[in-house]
Amino acid sequence: MDCFHYPLDTETLLRKKRRLRRELLAQNPHPLHKKIAILGGSTTNEVADQLGLFLLQYGIEAEFYQSEYAQYWQDAMFGTPELDAFAPDVIYIHTSWRNLTDFPSTGDTEEQIDTMLEAQYAHFETMWQALEQKFACPVIQNNFDRPNYRLMGNRDIWDHHGRSNFISRLNQKFYEYAASHEHFYINDIDYLSADYGLTAWGDAFYWHMYKYAMCLDAIPSLANSVANIIKSLYGRNKKALVLDLDNTLWGGVVGDDGVDGLAIGPEVPEGQVYAEFQSYCKALKSIGVILAVDSKNEKENALAGLNHPDGVLRPDDFVAIKANWDPKDQNLKAIAAELSLGADSFVFADDNPAERAIVAAQVPGVAVPALDGAENYIKMLDHGGYFEVTTLSKEDLQKTELYHQNAQRAAAQAAFSDYGQYLDSLEMTATIRGFEPLYIQRIAQLTNKSNQFNLTTLRCSEDDIRAMAQNENHICLCGKLVDKFGDNGIVTVVNGEQQGDELHMRLWLMSCRVLKRGMEDAMMNTVVECAAERGVSTIYGYFYPTAKNAMVREFYANFGFVKTTEDEAGNAVWKLDVASYQPHPLHMKIER
């Protein structure tokens, strides 16, 4: 729906929210259900309504608890029966500068102001720690916007007595806490208010009349920002940016104007605009976004353009380059198939509105921002929030290289007529071990990002993973796969809970980039072996269907499990007699 793309259609979002909710629910028959507590320092009803819409757009159906007006601290510190019973999955603390209880005055000494600052910070830190101890769930905290007035003018930002200075220093203490505490996230309303326009954002009418922390029309922007954090936590980020070339990565048409005629680089203002956009796209690689090309062009011309001496992006920056005369929606589907990614993992960036319309219509799930003027390209992509970063793992930093290695494997496969011989040629080594501290972050990340090869779609925090690893009744295994082309890193995660002589599989997932390599066989062999060592006689596997995991519907059947039950929703239970299991042959070396 266009109203959710930047720039947001706030009128539609605010006036037609009930209709939008019905339409979004119809489009997402299997949403992820999450309970979100909003602890507010102001009126939060509209915040909850808009946040619910933005989350539904990402396939997340939210149930909300809202504190009474300005009771955020009391609810957090002393609790309520309703909040305790609610057991939130995420807590969002919606406060603003108006919830600060003390500000410096011109008569205060620096020492007095520092003491005041520590007291204001302690008010929040004590609350965060209480919430962590009670609920152990992600907490999202607004930083502070600023009043839309400055008592001392420009001096207000640097003088200790200035409110702007005080708020800036307090925000910095919030950031230091976020940097040192997992599962704590800042919703940057200091940026949002500046981007929106501080005078309009802080319109005092809405505070005095309705006790809104910002003007009504700014609430969708706030909700969008919070939703971006939450959808990132639950693996709903986009993963790839697919780019057109002509008049998208450079000015001009390379086939007509030639490489020398392209506008790219420092010589002309238009060229500087495109160079800056290329730099932005290249920077996205550093946060784990993969890049691809989908362009109507001759391949030779496309490569020549990407090798322009003043360009920033080079052919090696892309995991796939589709430069041909095929329809762009077909090219995008081919890229998705080659990368083993769903179409909803992609953002398609093209200056041509006709091409955007075709891709949006033919490839459901792909994000298609409206690119209007090259000088706005960065803003349109950045404000879309497609690639919100909540965690950044070693694998994210190497994502492009990992996909290049997969392309090498695919090329090698073409040389073999026998698939088993091809697997042997990869010289694979699988390391299967428990949840070691070094890999906790990656394991938790996989549980929240893996959607297709994921049997139960259990989403876990790092603390959840540590709790599993420390529980003697759990079998916890993760698998790392290395071959002659490179190290794939941690690619599969399994957790089973032992109850007497039974083992119940609570979690089983694998990265799709190692599909059909035998890693699932190696892991199942190991699970059964570990279960037998612990006296387990029966293993129960569970499959919970989602809109994305149909590929593993019969996963357990392939290993000799027998289906015992399946309800109308497709939730199935499978059973294996451990003594009857026949280990699958492997084409890899196993290290434990």
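Heavy-atom basis, side chains included; hydrogens, waters and symmetry copies ignored. Note that the coordinates shown come from a computational prediction; the quantities given were computed from them, not determined experimentally.
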State, with a plain yes or no, whether a side-chain heavy atom of Tyr6 is found less than 4.5 Å away from one of Asn224. no

I want to know whether Phe54 and Phe4 have ring centres closer than 6.0 Å. yes

Over all atoms of both residues, closest heavy-atom pair of Val242 and Val293: CG1-C, 4.4 Å

Flag, side chain of Ser232 to backbone of Glu388, donor-acceptor distance under 3.5 Å: yes

Considering residues, nucleotides and ligands other than Gln582, do more than 12 of their heavy atoms fall under 6.0 Å from its CD? no

Has Glu300 got more than 12 heavy atoms of other residues, nucleotides or ligands less than 6.0 Å from its CD? no

Would you say the side chains of Asn228 and Ser225 form a donor-acceptor pair under 3.5 Å? no

Does any part of the side chain of Asp483, heavy atoms only, come nearer than 4.5 Å to the side chain of Arg517, both counted from C-beta? yes

Interatomic distance, OH@Tyr540 vs CD@Glu502, rounded to 0.5 Å, equals 4.5 Å

Do Asp244 side-chain atoms and Leu249 backbone N/O form a donor-acceptor pair below 3.5 Å? no

Ring pair (Phe, Tyr, Trp, His ring centres under 6.0 Å) against Tyr386, all qualifying residues, sequence neighbours excluded: none

Under a 3.5 Å distance rule, please check whether Asp382 uses its side chain to pair with a backbone N or O of Ile378 as donor and acceptor. no

Please tell me if the side chains of Asp501 and Val536 come closer than 4.5 Å, counting only heavy atoms from C-beta onward. no

Lys35 atom NZ, neighbour heavy-atom count above 12 within 6.0 Å: yes

Please find the pair of heavy atoms, one from Val494 and one from Met505, that lie closest to each other, and give the distance. CG1-CE, 3.2 Å

Quick one, Phe348 and Val363 - any side-chain contact, counting heavy atoms below 4.5 Å? no

Lys563: what forms a salt bridge (Lys or Arg N to Asp or Glu O under 4.0 Å) with it, not counting sequence neighbours? Glu566

Could you check whether Ser461 and Asp464, counting side-chain N and O atoms only, form a donor-acceptor pair closer than 3.5 Å? yes

Heavy-atom side-chain proximity of Val90 to Tyr234 below 4.5 angstrom: yes

Derivation of the side chain to side chain contact (heavy atoms under 4.5 Å, CB included) call for Leu284 and Leu241: CA-CA 9 Å; Leu284 288 174; Leu241 174 61; 3.7 Å; yes

Taking atom NZ of Lys379 and atom CG of Leu381, what is their separation to the nearest 0.5 Å? 12.0 Å

Nearest-0.5 Å distance, CD of residue Glu298 to CG of residue Asn324: 9.0 Å

Test ring-ring contact (aromatic ring centres under 6.0 Å, His included) applied to Phe555 and Phe453, Phe543, Phe561, the passing residue: Phe453

Side-chain heavy atoms of Ile230 within contact of Leu55, under 4.5 Å: yes

Between Arg459 and Thr447 (side chain of the first, backbone of the second, donor and acceptor by atom type, cut-off under 3.5 Å), is there such a pair? yes

For the rings on Tyr422 and Tyr419, is their centre-to-centre separation under 6.0 Å? yes

Checking Thr564 side chain against Val573 main chain: does a donor-acceptor pair fall under 3.5 Å? yes

Taking Asp567 for the side chain and Gly570 for the main chain, is one N or O donor matched with an acceptor at less than 3.5 Å? yes

Could you go through the side chain to side chain contact (heavy atoms under 4.5 Å, CB included) check for Val493 and Leu507 one step at a time? CA-CA 7 Å; Val493 178; Leu507 178 66; 3.8 Å; yes

Check step by step if side chain to side chain contact (heavy atoms under 4.5 Å, CB included) holds for Asp350 and Val359. CA-CA 10 Å; Asp350 193 311; Val359 167; over 6 Å; no

Can a side-chain donor-acceptor contact be found between Glu497 and His504 if the only test is distance below 3.5 angstrom? no

Can you confirm whether Lys484 is buried at NZ, in the sense that more than 12 heavy atoms of other residues, nucleotides or ligands lie under 6.0 Å from that atom? yes

Could you grab the distance from atom CG of Leu455 to atom OG of Ser450, nearest 0.5 Å is fine? 11.5 Å

Could you give the side-chain donor-acceptor pairs of residues 584-592 under 3.5 Å, partners two or more places apart or in another chain?
{"from": "His584", "atom 1": "ND1", "to": "Asp521", "atom 2": "OD1", "distance (Å)": "2.9"}
{"from": "His587", "atom 1": "ND1", "to": "Gly420", "atom 2": "O", "distance (Å)": "3.4"}
{"from": "His587", "atom 1": "ND1", "to": "Asp424", "atom 2": "OD1", "distance (Å)": "2.9"}

Would you say Thr492's side chain and Leu509's backbone share a donor-acceptor pair under 3.5 angstrom? yes

Could you name each residue pair satisfying side-chain hydrogen bond (donor to acceptor under 3.5 Å, both in side chains) that touches residues 285-296, not counting sequence neighbours? Lys285-Asp317, Asp294-Asn331, Ser295-Asn297, Lys296-Glu355

Just by distance, do the side chain of Arg314 and the backbone of His308 share a donor-acceptor pair under 3.5 Å? yes

Which pairs of donor and acceptor atoms, one on a side chain in residues 333-344, lie under 3.5 Å apart (sequence neighbours left out)?
{"from": "Lys333", "atom 1": "NZ", "to": "Gln362", "atom 2": "O", "distance (Å)": "3.4"}
{"from": "Glu338", "atom 1": "OE2", "to": "Lys322", "atom 2": "NZ", "distance (Å)": "2.5"}
{"from": "Asp344", "atom 1": "OD2", "to": "Lys548", "atom 2": "NZ", "distance (Å)": "2.5"}

Rounding to 0.5 Å, atoms CG (Asp351) and OG1 (Thr248) come to a distance of 4.0 Å

Has Asn301 got a side-chain atom pairing as donor or acceptor with Val254's backbone, closer than 3.5 angstrom? no

Review item, side-chain donor-acceptor pairs of residues 473-480, under 3.5 Å, at least two apart:
{"from": "His474", "atom 1": "ND1", "to": "Asn495", "atom 2": "OD1", "distance (Å)": "3.3"}
{"from": "His474", "atom 1": "ND1", "to": "Asn495", "atom 2": "ND2", "distance (Å)": "3.1"}
{"from": "Lys480", "atom 1": "NZ", "to": "Asp487", "atom 2": "OD2", "distance (Å)": "3.3"}

CG on Leu446 to CD1 on Ile465, rounded to 0.5 Å: 9.5 Å

For a side chain to side chain contact (heavy atoms under 4.5 Å, CB included) check, start with the C-alpha distance between Cys137 and Asp89, then their side-chain angles and the critical distance, and finish with the verdict. CA-CA 6 Å; Cys137 70; Asp89 297 303; 5.8 Å; no

For a 4.5 angstrom cut-off between non-hydrogen side-chain atoms, does Ile539 reach Tyr581? no

May I ask you to test the Asp329-Leu332 pair for a side-chain heavy-atom distance under 4.5 Å? no

